[in-house]
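Values reported hereafter were calculated over all heavy atoms of this structure, with side chains retained and with hydrogens, waters and symmetry mates removed.
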Amino acid sequence: MLSLAYQHGEDLASDGQAGSGAILSARCFNRARALLASMEQENDDQSDATKDISMIQAYLLLQICATMYLCGKSSGYGPQMHSKMIILARSKGLMQPKRIESSVAVCLDSLWREFIKAESHKRTLFAIHQIDSWWYQFCSVPRLLSHLEIKHNLPCPEESWTAPTSAQWAHGQLLRGQSGPDSGMQYADAVRCFLSSDRNLNSLPPFDPYGAINIAQFLISSAREITGWSTMTGRLSVERLEPITSSLVALEPFIRAQPTQQTHDDDNNNIINIHTSLCEATWEMAMIEIQIWSPSHTGGIVGGSVDAVVRIATDLAPSSCEVLIESNGVIQPHIDWFLRYLDSAAVAPSLEAPWITLYAYKAFLIAWQMVRGGLAGAMQAVGVRDGDLKGAIVWAKEVFGRRQGWHLGKIIMDCLDVLDNESVR
């Protein structure tokens, strides 16, 4: 956690010198890797649940740090950690729900604490599934985790997860008619429900939009598999794409679900906004990618790092304008969402997940291609005139410049210079 935290602040021991936080972050990262290696050697057949979940979560956080913040050569640690994390998650039973022992839950407070442990166990696996899908979506690296392995119910409603006391948690359970701490619908059953031609979404129990991200990731991964098949066979499988598209449309109300209880606390409001943005950004990108297939994916290009992914996408952008003409009207609202998101003064880049920045840059590249292709209204949502490539780059450098405190932002700024040079040719 320190390796990630110091990406967002300077080392106080260095009197807050610029760049000292990133240096300390790298030191914490390497120290954490050494500690994990030591823990692995000590690990024996007698499983310690607390130690196991801590190791899995450490691998999750460290691969995010390696691939999204440290980048460069450190990215190489990402796939290694991801593979170890999946193996550990399987061997330690993370795919299965954590049962609450009646002998432990002897009072309301102990029952609440057991619920928190079980929900943390579940949400850790859903986070692993998201990162696994991320590797496939961005880098075309085959998935290591099948959605069929996930035997958990969807994440509980946000109000249950954030309840500050056992009494408020129990009150919410009663109001929602929950029969137990883990009542709900299994993830695989929810996916089938959305894919069904006669779907009855009213049958779905309340669940956190965090779980809707996993449903969206499954759908876009499925679309990726179809694009690979179509590329190899030369045949477009419309009958397989249509249910995925309609399922994504049906998912939208669950993605945009808002907490029922509002708060006036600024920190809590920020958390809600970040959470909402993460859910919506995933869905918006899925709606774009279902219409426009990634040239790096269909071309068999596998990215080994975020640096490579961003640069490949930038290099491919000038040559793929023509594919956008027929899709323009369909994807424009989703492109506009990202443009407005980037343009908003209310967005705090330091609080957003770094993959939102990646999604947003991919959306901008499509908008830039549309401007370059002379399509009307391509960036009208943020005041860039039709055909104004220079204006598009100036706008992009301003909004992504707010994110250049991190290595990912610096990579994007360098790539914008490449596009700027392309614009004057």
Side-chain angles (χ1 to χ4, degrees), residues 67 75 78-79 82-83 129-148 191 194-195 214-249 251 282-332 334-335 338 355 358-370 372-373 375 415 419 422:
T67 56
S75 296
H82 184 68
S83 178
H129 178 258
Q130 290 179 25
I131 295 298
D132 192 57
S133 300
W134 177 88
W135 277 105
Y136 186 44
Q137 187 177 0
F138 280 102
C139 304
S140 296
V141 174
R143 290 173 297 169
L144 298 181
L145 176 64
S146 166
H147 78 285
L148 295 174
V191 169
F194 278 97
L195 285 171
N214 292 80
I215 297 173
Q217 292 283 22
F218 166 79
L219 293 171
I220 196 59
S221 294
S222 299
R224 278 285 172 107
E225 289 167 357
I226 295 172
T227 64
W229 180 85
S230 296
T231 300
M232 293 300 292
T233 63
R235 290 179 290 171
L236 176 61
S237 181
V238 176
E239 69 277 5
R240 294 172 68 191
L241 279 171
E242 192 282 327
I244 295 175
T245 305
S246 63
S247 298
L248 280 169
V249 172
L251 185 63
T282 304
W283 182 83
E284 297 285 352
M285 182 51 63
M287 291 300 291
I288 291 170
E289 293 210 349
I290 200 73
Q291 298 294 331
I292 301 177
W293 297 352
S294 167
S296 63
H297 179 71
T298 55
I301 301 171
V302 179
S305 67
V306 165
D307 313 49
V309 167
V310 173
R311 291 184 174 121
I312 288 169
T314 304
D315 291 341
L316 290 172
S319 61
S320 50
C321 296
E322 64 279 1
V323 302
L324 300 171
I325 297 175
E326 292 184 4
S327 303
N328 182 29
V330 178
I331 66 169
Q332 190 67 63
H334 309 295
I335 297 296
F338 281 104
W355 45 92
L358 274 177
Y359 284 143
Y361 182 64
K362 288 179 71 174
F364 166 72
L365 285 178
I366 295 172
W368 180 85
Q369 291 167 34
M370 293 193 295
R372 193 169 185 262
L375 299 182
C415 288
L419 287 182
E422 180 70 29

Rounded to the nearest 0.5 Å, what's the gap from [atom1] on [X] to [atom2] on [Y]? Could you check?
| X | Y | atom1 | atom2 | answer |
| --- | --- | --- | --- | --- |
| Gln291 | Leu241 | CD | CG | 9.0 Å |
| Arg372 | Leu419 | CZ | CG | 9.0 Å |
| Ile131 | Thr67 | CD1 | OG1 | 7.0 Å |
| Ser246 | Leu251 | OG | CG | 11.0 Å |
| Arg235 | Ser230 | CZ | OG | 9.0 Å |
| Ile215 | Ser247 | CD1 | OG | 9.5 Å |

Looking at [X] and [Y], what are the two nearest heavy atoms and their distance?
| X | Y | answer |
| --- | --- | --- |
| Ser296 | Leu316 | N-CD1, 3.8 Å |
| Trp135 | Gly78 | CZ2-C, 3.8 Å |
| Arg311 | Cys415 | CG-SG, 3.8 Å |
| Cys139 | Val309 | SG-CG2, 3.7 Å |
| Ala367 | Ile335 | CB-CG2, 3.8 Å |

Minimum side-chain heavy-atom gap Trp355-Trp134 below 4.5 Å: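 The answer is yes; the side chains approach within 4.5 Å.
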
Legend entry - Contact check, side chains of Val141 and His82, non-hydrogen atoms, under 4.5 Å: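 Side chain of Val141 against side chain of His82, heavy atoms only: no contact under 4.5 Å found.
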
*Ring centres under 6.0 angstrom apart (Phe138, Tyr359)*: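 Centroid distance Phe138-Tyr359: below 6.0 Å, so yes.
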
Query raised in the report: Can a cation-pi geometry be assigned to Arg240 and Trp229, taking NZ or CZ under 6.0 Å from the six-membered ring centre and within 45° of the ring axis?
Result: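 Geometry flag: set, cation within 6.0 Å and 45°.
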
Would you check if the side chain of [X] reaches a backbone N or O of [Y] as a donor-acceptor pair within less than 3.5 Å?
| X | Y | value |
| --- | --- | --- |
| Thr227 | Trp293 | no |
| Ser83 | Pro79 | no |
| Asp132 | Leu145 | yes |

For residues 216-223, which side-chain donor-acceptor pairs fall under 3.5 Å, sequence neighbours excluded?
residue, atom, partner, partner atom, Å
Ser221, OG, Gln217, O, 2.9
Ser222, OG, Phe218, O, 2.9

| task | List for me each residue that meets side-chain hydrogen bond (donor to acceptor under 3.5 Å, both in side chains) alongside His129, sequence neighbours excluded, and say none if there are none. | result |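 His129 satisfies side-chain hydrogen bond (donor to acceptor under 3.5 Å, both in side chains) with Asn214 only.
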
- Message: Check the orientation of Tyr136 and His297. Use parallel for under 30°, tilted for 30 to 60°, and perpendicular for over 60°.
- Response: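 If you compare the ring of Tyr136 with that of His297, the planes turn out perpendicular.
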
Decide yes or no on side chain to side chain contact (heavy atoms under 4.5 Å, CB included) for Ser140 and Ile301, but give the supporting numbers first.
-> CA-CA 7 Å; Ser140 296; Ile301 301 171; over 6 Å; no

Side-chain polar contacts of residues 282-289 - donor-acceptor pairs under 3.5 angstrom, sequence neighbours left out - could you list them?
residue, atom, partner, partner atom, Å
Thr282, OG1, Leu278, O, 2.9
Trp283, NE1, Leu248, O, 2.7
Glu284, OE1, His334, ND1, 2.7
Glu284, OE2, Arg256, NH2, 2.5
Glu289, OE1, Arg224, NH2, 3.2
Glu289, OE2, Lys362, NZ, 2.5

